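What you are looking at is a predicted structure, and each value in this text was computed from that prediction instead of being measured. The figures that follow rest on heavy atoms only: side chains count, while hydrogens, waters and symmetry mates do not.
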Amino acid sequence: MVKKEALDDLVRLPSVTKLKGQEQLDEIERRLSLLYDDCSGRKASMTVIHIRVVLGIDDNTYQRWLQAKVGSRQPDGTKHDINVEDSETIAGEEKKHIVMRRDVLKKWVDKAQMATVEAISANPKAGGPVFLSKAVWGYRDHETEGRLNVTMSVEDFLSGIKKPAKHDD
């Protein structure tokens, strides 16, 4: 388990957005590894909020990084996010870095999700992990018409240990 002082210092570090290239990827990896170890040691769940706080990024940046999107200024002056693969202005190392950053972030988000699922598997009656699976990760108990955009129940996920298929509302 990470010492409380070390975790407090981790949260106070400047945003990883100030770093570039491999240095940024290494720092993301280091911070999320420490966070994961701390959460595991305390038997706490790691969530998207934890990830964002430790990296020093807002929700918009988190979503763009997770989807490998970049801002693109349009001829009319507006700015839209486009997938890095569709960008004509970003090439080579920068494009590779954006894709690698997405992959590193997805790896840690998947680990956080799986830790929550494993906590449910260990104790299906535990309220905390079940709540997190629904409130944070978007799982649900059964098929309903609701605001969640996941087509797999928690029980189906646990029985098959597979990724849910997501659809647009």
I need the minimum non-hydrogen distance between [X] and [Y], along with the two atoms involved.
{"X": "Lys107", "Y": "Glu29", "value": "NZ-OE2, 2.6 Å"}
{"X": "Trp65", "Y": "Arg102", "value": "O-CB, 3.3 Å"}
{"X": "Arg30", "Y": "Leu13", "value": "NH2-CD1, 3.5 Å"}

If you define the side chain from C-beta out and look only at heavy atoms, does anything of [X] sit under 4.5 Å from [Y]?
{"X": "Val16", "Y": "Val54", "result": "no"}
{"X": "Leu105", "Y": "Ile51", "result": "yes"}
{"X": "Lys20", "Y": "His97", "result": "no"}
{"X": "Lys111", "Y": "Met46", "result": "no"}

To the nearest 0.5 Å, what is the distance between [atom1] ([X]) and [atom2] ([Y])?
{"X": "Leu25", "Y": "Ile98", "atom1": "CG", "atom2": "CD1", "value": "10.5 Å"}
{"X": "Arg64", "Y": "Ile57", "atom1": "CZ", "atom2": "CD1", "value": "9.0 Å"}
{"X": "Ser15", "Y": "Gln24", "atom1": "OG", "atom2": "CD", "value": "8.0 Å"}
{"X": "Leu55", "Y": "Thr61", "atom1": "CG", "atom2": "OG1", "value": "10.5 Å"}
{"X": "Glu27", "Y": "Leu32", "atom1": "CD", "atom2": "CG", "value": "9.5 Å"}
{"X": "Lys18", "Y": "Glu23", "atom1": "NZ", "atom2": "CD", "value": "13.0 Å"}

- [ ] Taking salt bridge (Lys or Arg N to Asp or Glu O under 4.0 Å) as the test, write out the residues that go with Arg101, two or more places apart.
- [x] none
Open item on the list: We want to know whether Ser40 and Asp37 form a side-chain donor-acceptor pair, criterion being a heavy-atom distance below 3.5 angstrom.
Closed with: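 Result is no, nothing qualifies.
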Task: Selection residues 13-61 - residue pairs positive for ring pair (Phe, Tyr, Trp, His ring centres under 6.0 Å), sequence neighbours left out - done: Tyr36-Trp108
- [ ] Any chance you could lay out the side-chain contact (heavy atoms from CB on, under 4.5 Å) test for Gln113 and Asp110, step after step, and finish with the verdict?
- [x] CA-CA 5 Å; Gln113 260 185 315; Asp110 288 347; 3.9 Å; yes
